[in-house]
Enquirer: 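Quick one: the structure is below, and I'll ask about it shortly.
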Amino acid sequence: MGAVPTPSHTHDLHRSDAKTTPAADVTEADVVVIGGGPVGENVAARAVRGGLSAVIVEAELLGGECSYWACMPSKALIRPTQALAAARRLPGAREAVTGSVDAAAVLARRDSFTSGWDDGGQVEWAVGADITVVRGHGRVAGEKRVEVTAPDGTTTTIAARRAVVVATGSTPSLPPVEGLRDTPHWGSREATSAARVPASLVVLGAGVVGCELAQAFARLGSTVTLVASSTLLSKNEPRAGELVADALREEGVDVRLHTRAVSVSRESSDEDDDGDGPVTLVLADGTALVADELLVATGRRPAVGDVGLDTVGLPTDAALAVDTTGAATGLAQGSALDQGGQPWLYAAGDVTGDAPLTHMGKYVARAVGDVIAARARGEQVHDGAWGAHATTAQQQAVTQVTFTDPEVTSVGLTAAQAERAGLRTRVVDLDIAVAGSALHADGYTGWARMVVDEDRRVVVGVTFVGPDTAELLHSATVAVVGEVPLERLWHAVPAYPTISEVWLRLLEAYGL
Ligand SMILES: Cc1cc2nc3c(=O)[nH]c(=O)nc-3n(C[C@H](O)[C@H](O)[C@H](O)COP(=O)(O)OP(=O)(O)OC[C@H]3O[C@@H](n4cnc5c(N)ncnc54)[C@H](O)[C@@H]3O)c2cc1C
Ligand SMILES: NC(=O)c1ccc[n+]([C@@H]2O[C@H](COP(=O)([O-])OP(=O)(O)OC[C@H]3O[C@@H](n4cnc5c(N)ncnc54)[C@H](O)[C@@H]3O)[C@@H](O)[C@H]2O)c1
């Protein structure tokens, strides 16, 4: 097992090579997957399940961003203080909370969820699932070929009998702020793997990463300023961002909306000039924000830069576009299909630019693994809307939970998206105030929006904002994906007294 220090990371990475296969030993496989994040892993697993052999080429840690620097560590940082906040909303329980947050224990629990940045467990799973794992940097090298540069610098080529799948994820995108590239700062990797809680933190960017981590670090003890160029969570219903901004402000976060950062600089705390002192972010109005740390969370872009897409005539500066079965589009005529007349290049996950979320990427991955296997067996492909090989939910029913307190939980279209899609809609809004929410917490505040397609009388979008609304999401997802007529939804009776009773109120407010 080798410990590999990387400059962008506060912990050493541990790559267990006991069960991986040297690139030089692999010359051919049915499916070659470049990138072993959650998405690449799922493509490979489904392809194997379909009777094919599969190789994953992974450059860093098997499990990808999600396992080590994104979903898992961020949620591990968030959950303990959310439980504490929940207890504090309940007289009787509140009195039992006498101490303060043990940040060190929270960080230690986070470390256990990342397995100490050791991917041995994931490699073990993959090998147990009959997937061959190769360490190295993969690049498409013409039709059905993947060139692998191994960690020792040697290069070999793997031939894919059926398909190559690009699942290389995404990388952070930096805004054009003077001095930013030369100033040491945190990205989401450094924040989610932080070894300490800074006394003060400026967060630039108020999307999902910015909001979740601003609150997490504030609750762990940092004095936090959140700088947003727009509103908070601007991809959600506007009310969601307002409610999260209110909650953050109430907890002492300095939220600055519609603000642009113009320059960044960092002092040194000693004479070696290594820029480890306070960081200063200057805003367009001249305000200088000084803090121990700066987290830049201004979005991510598909990782297409060094994947060899140019060898098949695809752009290296744009998302890898795919059709509804995950097959790459945009290949020159004559090179999109192999000699057997089948697509050979696929992509899934963040690299496609569509719904950059683990669960949505894994949904596409399952379809991609299955469709490659179906095509290999000469079976019919079901790529019509909601067919077994179609990724229809990616267009119509993307689900997401933003794990702030209050949680923002959504599926399908926002009211604005439904309008842009040309639907004749009716929107029902209400505060979440049912027996279940009142019992759940004193002073429970929440909000719900249901977007109805009036022509079909089905729900096309739902947003819930409030503590513990995440577990309500699947009910909304079933309603949207099932295209359940409102009159039938009326018969889905929420149990008393649960927060789900909000469904009854929404349907009553609609007029049922
Ligand atoms: C802070 C943060 C929190 C998040 N929280 C959530 C959440 O709670 N829920 C959620 O659904 N989503 C969350 N996301 C989004 C989620 O992390 C991504 O959508 C998900 O990781 C995408 O999976 P992927 O497999 O496409 O890419 P990745 O997880 O990025 O994996 C790509 C893999 O490919 C490898 N790779 C890249 N290029 C090459 C190459 N040329 N050769 C070989 N290997 C290569 C990388 O090393 C990596 O292992 C979060 C993101 C961030 C930043
Ligand atoms: N719970 C979850 O599901 C979860 C959690 C974290 C991340 N993610 C995923 O990861 C992806 C990346 O998240 P993210 O928050 O980095 O991106 P994002 O696209 O959600 O948000 C980026 C934010 O940065 C702002 N911004 C851009 N340039 C700026 C500038 N110069 N100054 C100030 N603000 C600026 C944007 O207005 C936007 O609000 C998201 O698309 C999300 O789907 C999901």
Side-chain angles (χ1 to χ4, degrees), residues 4-9 13 15 20 22-24 26 29 31-41 43-44 55-70 119 133-160 163-175 180-181 187-190 296 298-322 326-332 335 344-354 356 361 365 368:
V4 189
T6 69
S8 66
H9 186 66
L13 309 188
R15 297 182 185 127
T20 60
V26 185
V31 181
V32 182
V33 181
I34 306 177
V39 174
E41 288 180 331
V43 172
V55 175
I56 294 176
V57 181
E58 170 54 47
E60 214 167 2
L61 291 182
L62 193 67
E65 206 71 19
C66 177
S67 299
Y68 306 102
W69 302 283
D119 68 355
V133 179
V134 166
R135 299 271 185 213
H137 185 100
R139 290 177 193 87
V140 176
E143 184 178 317
K144 287 186 167 177
R145 288 161 65 84
V146 172
E147 183 188 272
V148 182
T149 305
D152 66 6
T154 56
T155 297
T156 49
T157 301
I158 306 176
V164 173
V165 183
V166 180
T168 48
S170 58
T171 53
S173 80
L174 287 187
L180 185 57
R181 277 169 205 281
S188 53
R189 278 197 167 197
E190 289 74 19
V296 178
T298 47
R300 299 180 68 82
R301 59 165 60 117
V304 286
D306 189 16
V307 193
L309 297 178
D310 49 323
T311 68
V312 291
L314 288 174
T316 55
D317 57 358
L320 184 38
V322 292
T329 55
L331 287 156
S335 56
W344 65 272
L345 183 65
Y346 293 79
D350 282 15
V351 72
T352 65
D354 299 326
V368 167

Enquirer: Please identify each residue that fulfils side chain to side chain donor-acceptor pair (under 3.5 Å) with R301, with sequence neighbours left out.
Expert: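 Expected list: none.
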Enquirer: State the CD-CH2 distance between E190 and W69, to the nearest 0.5 angstrom.
Expert: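 Going from CD on E190 over to CH2 on W69, the span is 10.5 Å.
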Enquirer: Is the shortest heavy-atom distance from the side chain of I34 to the side chain of V146 under 4.5 Å?
Expert: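 In contact.
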Enquirer: Between A328 and L320, what is the shortest heavy-atom contact and its length?
Expert: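 Looks like CB-CD1, 4.3 Å.
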Enquirer: Evaluate the side-chain proximity of L62 to E41: yes if any heavy-atom separation is below 4.5 Å, no if none is.
Expert: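 When only atoms from C-beta onward are counted, L62 and E41 do touch, with a gap below 4.5 Å.
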Enquirer: Of all the heavy-atom pairs spanning G142 and W344, show the shortest one and how long it is.
Expert: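 The answer is O-CH2, 3.7 Å.
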Enquirer: Drop me the distance from L13's CG to E60's CD, to the nearest 0.5 angstrom.
Expert: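 L13 CG to E60 CD: 6.0 Å, rounded to 0.5 Å.
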Enquirer: Sequence neighbours left out, what passes side chain to side chain donor-acceptor pair (under 3.5 Å) with T154? Give chain and number order.
Expert: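 Expected list: D152.
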Enquirer: I'd like to check P175 versus L180 (side-chain heavy atoms, cut-off strictly below 4.5 Å). Are they in contact?
Expert: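 Answer yes - side chains close enough.
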Enquirer: I need the minimum non-hydrogen distance between A167 and V351, along with the two atoms involved.
Expert: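 Result for this residue pair: CA-CG1, 4.4 Å.
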Enquirer: Y346 versus V33: any side-chain heavy-atom pair under 4.5 Å?
Expert: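 They are not in side-chain contact.
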Enquirer: Would V166 and V140 satisfy side chain to side chain contact (heavy atoms under 4.5 Å, CB included), going step by step from the backbone distance to the final call?
Expert: CA-CA 8 Å; V166 180; V140 176; 4.2 Å; yes
Enquirer: Please check if the side chain of S67 supplies one atom and the backbone of G64 the other of a donor-acceptor pair under 3.5 Å.
Expert: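 Checking the backbone N and O of G64 against the side chain of S67, no donor-acceptor pair under 3.5 Å is found.
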Enquirer: I want to check something: taking the side chain as every heavy atom from C-beta on, are L174 and R181 in contact at a cut-off of under 4.5 Å?
Expert: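 They are in contact (side-chain heavy atoms under 4.5 Å apart), so the answer is yes.
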Enquirer: Strictly distance-based, threshold 3.5 Å: is any side-chain N or O of R300 a donor or acceptor partner for the main-chain N or O of S170?
Expert: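 Here the side-chain-to-backbone pair exists.
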Enquirer: Quick one: closest heavy-atom pair of D306 and R139, and the distance?
Expert: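 Closest approach of D306 to R139, heavy atoms only: OD1-NE, 2.9 Å.
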Enquirer: To the closest 0.5 Å, what do you measure between NZ (K144) and CD1 (I158)?
Expert: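 Interatomic distance, K144 NZ to I158 CD1, rounded to 0.5 Å: 15.0 Å.
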Enquirer: Would you indicate whether the side-chain heavy atoms of L331 and L314 approach each other to under 4.5 Å?
Expert: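 Yes, at least one pair of side-chain atoms sits under 4.5 Å.
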Enquirer: Any chance you could lay out the side chain to side chain contact (heavy atoms under 4.5 Å, CB included) test for T155 and V148, step after step, and finish with the verdict?
Expert: CA-CA 5 Å; T155 297; V148 182; over 6 Å; no
Enquirer: How would you list all residue pairs meeting side-chain hydrogen bond (donor to acceptor under 3.5 Å, both in side chains) that involve residues 307-317, not counting sequence neighbours?
Expert: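 Pairs touching residues 307-317 that pass the test: none.
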Enquirer: Can you tell me how far CD of E65 sits from OG1 of T171, rounded to the nearest 0.5 angstrom?
Expert: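 Separation between the atoms: 9.0 Å.
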Enquirer: Closest heavy-atom contact between D119 and R15?
Expert: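 Closest pair (atom of D119, atom of R15, distance): OD1-CA, 3.7 Å.
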Enquirer: Nearest heavy-atom pair of T156 and A23: which atoms, and what distance?
Expert: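 Between these two residues, the closest heavy atoms are OG1-CB, 3.5 Å.
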Enquirer: For the residue pair L345 and V312, establish whether any side-chain heavy-atom pair is separated by less than 4.5 Å.
Expert: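 A side-chain contact exists here, since the closest heavy-atom pair is under 4.5 Å.
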Enquirer: Between V32 and V165, is there a side-chain heavy-atom distance shorter than 4.5 Å?
Expert: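 The answer is no; the side chains never approach within 4.5 Å.
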